[in-house]
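The sequence lines fix the lettering, A, B, ..., with proteins before strands; numbering per chain opens at 1.
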Amino acid sequence: MKSRILIIGNPNVGKSIIFNRLTGLYATVSNYPGTTVEIASGQAKLSCGLVEVIDTPGLYSLQAITEEERVARRYLMTAPDSIVLQVADARNLARMLPQTLQLLQARFRVVLAVNMLDEAVREGLSLNLEVLSHRLGIPVIGTIATRGEGLDQLKEILSQVLLGQVSYQKTIELRFSPEIQADLTSIAANLKATYPLPPESLSTLILAGDEEIAELIRRKENALRWRKIKAVVNAADNRYPWGAGYQLAIEVHAQAERILKGVILRFESRTRHLQNWLSKLTTNPLTGFPILLAVIYFGLYLFVGRFGAGFVVDHLDILFKKVLIPASEDLVTTIIPSTLWQSLFLGEYGIISLGVRYAVVIILPIVGCFFFFFSLLEDSGYLPRLSMLMDRTCKSLGLNGRAIIPLVLGLGCDTMATLTTRILETKRERFIATFLLALAVPCSAQLGVILSLLSPNPGAVLIWGAVVLFVLLLTGHLLGRLLPGSPTLFYLEIPPLRLPRLGNIIVKTLSRMQWYFLEILPVFIGVSVLIWAGRLFGFFQALLQLIEPAVKALGLPRETAVVFLFGFFRRDYGAAGLYDLTSCGALSVRNLITAAITLTLFLPCIAQFAVMWKERGPLASLLITGVIIPTAFAIGFAVNMLLGFCGL
Amino acid sequence: MNQFPLTRMAPGVTARVAGVRSTNGAFINKLAALGVLPGLPITLIQTYPAYLVQIGQSELAMDRETARCIEVII
């Protein structure tokens with residue numbers, strides 16, 4: 001049996017939780033649309049055996065607009081014999097059923113999981129899923145995925161479908177008005193090539209104005225047939241006051257409402273006053289902006305900056321220096337007699353004394369704190385509210401409110417954030433967001449180290465923050481002006497505020513920390529080895545001499561050149577080097593501010609560069625890097641001069 | 001019957017969706033998938049810093065340009 005189970009559904013309906021429950025794996029789950037930007041796959045143990053399960057990014061209908069939606073749809077199109085597990089929000093079935101109908105039209109074997117039954121009950125809804133199952137002609141299971149309710153039944157049904165024990169002979173058909181039906185028939189009559197979807201699905205999608213499908217058909221059919229198809233679509237578009245796409249949506253929705261008649265019973269709705277009141281506070285501008293500032297102050301500054309980068313790092317460092325380094329010294333000196341090889345592990349830039357120490361002691365606690373904070377924001381449903389509050393600001397950067405998600409995530413890890421730019425609609429927006437992430441969004445490790453370095457001088461923190469923010473806004477503004485196109489329209493569903501579950505937050509934080517740690521540890525160790533070898537053969541010094549003039553121009557002591565060299569490998573690695581230099585008192589406040597600003601703006605780390613290359617292509621990546629290096633030094637130079645004028 | 005864009009509605013008022021006016025098919029479809037469909041009651045909650053409306057069980061935030069495309073009937 002080679003069938004797979006594809007999990008499909010609107011954003012934010014619980015696909016990833018169901019995936020986790022089925023496979024026991026961990027996919028990032030949150031109360032924000034767009035957390036799954038990639039496909040996650042795992043194995044589910046069903047009574048019929050092990051089956052591959054695939055979790056996809058949210059998809060609103062079968063039409064795809066953003067890159068992440070295209071990812072989901074392409075997957076659907078390449079796996080026509082898969083079983084589709086559609087997950088739907090029980091509170092909004094009327095909005096979810098059109099997708100079910102479209103999936104059935106595309107002849108998938110669909111199992112519908114009506115999730116979040118508990119929330120529907122709390123809103124005074126009662127659902128008769130047996131009637132729904134009968135009307136659709138497919139298995140329908142009610143679930144409360146967060147508590148695991150209904151999952152056993154779901155597994156059993158999936159197993160039966162896989163074994164071919166469920167009949168899909170009497171599934172419901174999409175029905176349109178005679179005019180639309182005639183259009184669909186004449187489009188389908190002109191589809192002669194072979195496609196991954198049946199002709200009725202394709203004609204519906206093309207009539208709805210789907211560009212990707214239109215492009216596919218235009219390439220595959222001859223010019224005459226394409227012209228005929230185009231003529232039908234244009235005529236239909238002119239026939240309806242709001243266009244053919246909207247008319248289709250209206251008709252599908254009307255059919256969904258007919259199916260749901262008698263399925264949903266509404267009791268007197270018990271409104272949840274406290275939750276509604278809190279929700280209003282976060283979106284109302286008078287209270288929303290102060291709450292936003294408080295979230296940044298308490299979450300980022302106090303929790304990540306002061307607690308993570310200050311308290312935890314200091315204590316871990318003491319532990320490391322007092323216990324672990326001496327212990328490993330004993331171990332290494334007994335095992336390895338040669339002092340040359342000993343220095344690989346314990347020297348000034350050794351694997352243990354530098355690589356492992358930076359990764360474990362300085363970077364990991366900071367990043368861990370940030371991911372904990374970000375997970376809280378995600379699961380509470382605060383992020384979409386943040387998007388809404390920041391939409392106007394983002395517009396001035398040539399972006400829209402949606403972009404706040406990658407930008408804030410960048411404060412945690414710019415590499416992860418660059419991947420998340422997929423939730424943005426246009427190439428232009430993805431480019432701007434990637435550029436800003438690479439230039440002016442410090443990652444949490446860098447942020448933490450810099451904040452703890454500068455925090456003895458609140459003024460220094462202020463200057464650093466103001467300059468970086470200024471560069472961010474100015475660059476965004478310029479990019480928004482210079483690049484062709486305009487910001488795309490902003491619209492986003494605001495999910496209800498939910499009380500985050502501590503278990504979910506912890507698991508999510510740990511899984512992100514694991515991802516991060518596995519990514520950085522090899523790089524840190526690799527850099528240690530590289531520097532060790534470089535010093536041995538002299539090219540390290542040669543490289544340093546190359547950077548030294550630039551560093552001197554910034555008025556910095558020559559030791560700082562090393563820090564910038566580190567910065568090539570990882571931004572945080574560079575910042576961590578700054579931490580060491582300051583502890584031995586080599587830098588003045590003016591030096592520190594200049595170095596911190598230049599380093600913040602400086603090159604993205606190797607991992608981020610690699611993701612940038614993969615997502616945006618070589619040209620964009622090289623262009624971005626080529627602009628960033630001189631910009632970082634120029635701003636650093638100007639700041640150093642200005643600070644000098646002010647007599648610092 | 002009085003039909004006009006959402007931007008001309010006062011906060012706190014409930015109307016019904018008439019349609020979405022735009023030349024961008026993908027945009028119209030997305031709004032339709034989010035539940036902006038003719039006949040459904042739509043309540044304007046606030047207009048600054050972004051428009052916030054309630055349609056059915058869900059809340060939808062949007063910028064002014066999007067709100068201008070949504071026509072309502074009172």
Side-chain angles (χ1 to χ4, degrees), chain A residues 10 59-61 63-66 69 89 91-92 94-95 98-99 119-120 123 125 208-211 233 237 240-246 248-250 252-254 257 279-280 283-285 288-289 384-385 387-393 395 400-401 425 487-496, chain B residues 1 3-7 9-12 14-73:
Chain A
N10 275 31
L59 192 60
Y60 273 109
S61 56
Q63 285 127 28
I65 300 175
T66 63
E69 290 175 328
D89 174 357
R91 298 172 310 134
N92 278 312
R95 256 179 51 198
Q99 191 174 44
E119 292 200 359
E123 292 192 10
L125 299 175
D210 190 293
E211 283 171 16
V233 175
D237 258 333
Y240 299 101
W242 315 98
Y246 201 57
L248 273 174
I250 292 169
V252 179
H253 185 258
E257 291 281 10
S279 178
K280 285 229 167 65
T283 50
N284 186 302
F289 286 110
R385 290 164 171 82
S387 286
M388 175 187 158
L389 290 172
M390 297 303 289
D391 178 54
R392 279 165 190 261
T393 315
K395 286 272 166 58
N400 76 36
E425 275 176 40
T488 48
L489 297 177
F490 170 73
Y491 45 94
L492 190 66
E493 191 176 353
I494 306 287
Chain B
M1 292 278 259
Q3 184 175 325
F4 47 83
L6 186 61
T7 42
M9 205 161 107
T14 300
R16 281 182 188 278
V17 177
V20 179
R21 193 176 296 283
S22 163
T23 50
N24 180 348
F27 166 69
I28 294 181
N29 288 322
K30 190 99 178 225
L31 283 185
L34 281 166
V36 185
L37 286 159
L40 295 185
I42 178 170
T43 308
L44 183 60
I45 300 172
Q46 67 183 62
T47 60
Y48 185 89
Y51 279 70
L52 186 64
V53 298
Q54 168 126 28
I55 302 179
Q57 299 295 315
S58 16
E59 281 184 12
L60 199 59
M62 62 187 82
D63 54 14
R64 194 182 159 74
E65 290 68 33
T66 304
R68 201 179 285 145
C69 299
I70 298 177
E71 304 226 347
V72 297
I73 303 177

(request) Could you have a look at B/S22, B/G39, B/A33 and say which one has the most heavy-atom pairs with chain A under 4.5 angstrom? (result) B/A33
(message) Within this structure, what is the CH2-CZ distance for the pair A/W242 and B/R21, rounded to the nearest 0.5 Å?
(response) 4.5 Å
(message) Do A/L489 and B/F27 have side chains that approach each other closer than 4.5 Å (heavy atoms only, starting at C-beta)?
(response) yes
(request) Starting at CG of B/L34, measure out to CG of A/N92 and round the result to the nearest 0.5 Å. (result) 10.0 Å
(request) Count the heavy-atom pairs under 4.5 Å between each of A/T283, A/N284, A/D391, A/L389 and chain B, then report the option with the highest count. (result) A/T283
(message) So, taking the atom named CG in B/L40 and the one named CD in A/E257, what distance separates them when rounded to the nearest 0.5 Å?
(response) 7.0 Å
(message) Under 4.0 Å between a side-chain nitrogen and a carboxylate oxygen: does that hold for A/E425 and B/K30?
(response) no
(message) Can you pull out every side-chain hydrogen bond (donor to acceptor under 3.5 Å, both in side chains) where at least one residue sits in residues 32-52 of chain B? Sequence neighbours excluded, please.
(response) B/T14-B/T43, B/Y51-B/R64
(message) Tell me which one of B/V36, B/I70, B/L31, B/V53 satisfies side chain to side chain contact (heavy atoms under 4.5 Å, CB included) with A/Y491.
(response) B/L31
(request) Please state whether the side chain, the backbone, both or neither of A/R91 comes within less than 4.5 Å of a heavy atom of chain B. (result) both
(message) Less than 4.5 Å to any heavy atom of chain B: does that hold for the side chain of A/T393, its backbone, both, or neither?
(response) neither
(request) Quick one: which of B/P49, B/A50, B/S58 has the most heavy-atom pairs under 4.5 Å with chain A, could you say? (result) B/P49
(request) Please round to the nearest 0.5 Å and tell me the distance separating atom CG of A/L492 and atom OG1 of B/T66. (result) 11.0 Å
(request) Evaluate the side-chain contact (heavy atoms from CB on, under 4.5 Å) criterion for residues B/L37 and A/R95: first the C-alpha distance (whole Å), next the side-chain angles of each, then the deciding distance (0.1 Å), finally the verdict. (result) CA-CA 10 Å; B/L37 286 159; A/R95 256 179 51 198; 5.9 Å; no
(request) Determine the option with the most heavy-atom pairs under 4.5 angstrom with chain A, choosing from B/A18, B/A67, B/A32. (result) B/A18
(request) Below 4.5 Å from any heavy atom of chain A, which atoms of B/I55 appear? Answer side chain, backbone, both or neither. (result) neither
(message) Once rounded to the nearest 0.5 Å, what's the spacing between atom CG of A/D210 and atom CG of B/N29?
(response) 8.0 Å
(message) Considering only residues two or more places apart or on different chains, which pairs with a residue in residues 48-63 of chain B satisfy salt bridge (Lys or Arg N to Asp or Glu O under 4.0 Å)?
(response) A/K395-B/D63
(message) Using 0.5 Å steps for rounding, measure from the CD atom of A/E211 to the CG atom of B/N24.
(response) 7.0 Å
